[in-house]
Colleague: 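Below is one structure. I have some questions about it.
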Amino acid sequence: MKPIQMVDLVGQYAKIKNEVDSAVLGVMERAQFINGPEVKAFEQELASYLDVKHAIGCANGTDALQIAMMALGLQPGDEVITPSFTFVATVEVVALLGLRPVFAEVLPGTFNIDPEDVKRKITPRTKAIVPVHLFGQTADMAAIMAIAQEHDLHVIEDNCQAVGSDYTFPDGSKKKAGTIGHVGTTSFFPSKNLGCYGDGGAIFTNDDALAKRIRQVCNHGSEVRYYHDVVGVNSRLDSIQAAILRIKLRHLDAYGQARQAAAAHYDAAFAGLQNVHTPQRSADSTHVFHQYTLRVTGDLRDALKAHLERSDIPAMIYYPVPLHLQKAYEGYGIRKGDLPVTEMLMEQVLSLPMSTELDQQQLDHITSAVKAFFKNNQ
Ligand SMILES: *Cc1c(COP(=O)(O)O)cnc(C)c1O
């Protein structure tokens, strides 16, 4: 059996090596490393895949969030509602811009932001909501957009983990995750569902004026070279990464199906196990399984993780400490006990290996190890 990793990027590359190698060499030969034709082509292909008017490349997913907030004109002191159960980048940029993060609860089944708690957290200073489509499933965007409309708030979707996920509105219409709010962001970090071979990110919007400001912010606040109308940053997707992403985008749906097949295998194997709760599927979103995350009850999570590691199976806790209890963010007036669902989940979640390359033998080894653990720990 091939050794099991959380994500198998070597195996994935092997299958597209010829295509990728020649695309990368092509960029080298033309030597247009910044803003080459590959960047423009990828932006257009990604916009067309997502069915959104503008897709704008940038240097990484963290920058994408920061640039979106700058382009929306958020001002120091403005409140931004985000989940506490997310990767730190979502909240880091809020703090960096002098905005005030306000943490909302998540739903225990989907791990996505709880619209009812968002409503409770709105104040006269609230300016934006940042739903995070955690682990590959779109948050309840119909509810969030309704709240935003009622209170005149911006919605910035952190879609770093759910690119390709389809969301269905109550009226039956569908949109891709990241194209529903006023602006959406994603990351092309190598282990993300659409990952490049270094750092990269993108920002999506259907708003022409906002798209123009986003491009301006990305490019030192400049539209005409050496004339700077607003304070900007330097954040670009480079041509080599764009060339690789053009190839990987063509495989994205097949990659999603491979992840879903692995998830279905896990689900079937774990059905009926006490103390194991397989990931809940949202009724209105497809799941692209950035992570396959179990909830392990009975205080057995850490013992299961240790048992798997002894069987050479990596398993990860995403995330061990919620952001409202992190040292860097403890100044925002929220304490242990304030977000009980989030705090409970942090004690229970365990992500199993998930990638496009898991084979039957590996999946069987993982599921047998989980079942053996629970046979001995009822
Ligand atoms: C990965 C990730 C980011 C940051 O992306 P980088 O490209 O690593 O900067 C932000 N938010 C979430 C939810 C992520 O998973």
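What you see is a predicted model, and the numbers here were worked out from it, not measured in a lab. Both counts, for ligands and for their atoms, begin at 1 and track the order of listing. Scope of the values below: all heavy atoms of this structure, side chains included, with no hydrogens, waters or symmetry mates.
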Colleague: Considering Cys160, Gly61, Pro83 one by one, which has a heavy atom nearer to atom 3 (C) of ligand 1 than any of the others?
Modeller: Cys160

Colleague: What's the shortest distance from atom 9 (O) of ligand 1 to any protein heavy atom, and which residue and atom give it?
Modeller: Thr62 OG1, 2.5 Å

Colleague: Using a strict 4.0 Å threshold on nitrogen-to-oxygen distance, state whether Arg281 and Asp267 make a salt bridge.
Modeller: yes

Colleague: Counting only heavy atoms, which portion of Lys192 has something under 4.0 Å from ligand 1: side chain, backbone, both, or neither?
Modeller: side chain

Colleague: Considering non-hydrogen atoms of the protein only, which is the closest contact for atom 11 (N) of ligand 1, and what is the distance?
Modeller: Asp158 OD2, 2.8 Å

Colleague: Do Ser368 side-chain atoms and Asp364 backbone N/O form a donor-acceptor pair below 3.5 Å?
Modeller: yes

Colleague: Which option out of Ala59, Ser187, Ala162, Cys58 puts a heavy atom nearest to atom 7 (O) of ligand 1?
Modeller: Ser187

Colleague: Is the closest heavy atom of Val132 to ligand 1 under 4.0 Å?
Modeller: yes

Colleague: Heavy-atom count check: over 12 atoms from other residues, nucleotides or ligands less than 6.0 Å from Asp21 CG?
Modeller: yes

Colleague: Could you check Gln348 against Arg301 for side-chain hydrogen bond (donor to acceptor under 3.5 Å, both in side chains), going step by step and ending with a plain yes or no?
Modeller: CA-CA 6 Å; Gln348 298 180 341; Arg301 191 262 316 263; over 6 Å; no

Colleague: Determine whether a donor-acceptor pair (N or O, by modelled atom type, separation under 3.5 Å) exists between the side chain of His133 and the backbone of Glu157.
Modeller: no

Colleague: Within a distance under 4.0 Å of any heavy atom of Asn60, pick out the atoms of ligand 1 and give their elements.
Modeller: 7 (O), 9 (O)

Colleague: Among all protein heavy atoms, pick out the one at the shortest distance from atom 15 (O) of ligand 1; state its residue, atom name and that distance to 0.1 Å.
Modeller: Gln161 NE2, 2.8 Å

Colleague: Looking at Lys127 and Glu79, does any basic side-chain N land under 4.0 Å from a carboxylate oxygen?
Modeller: no

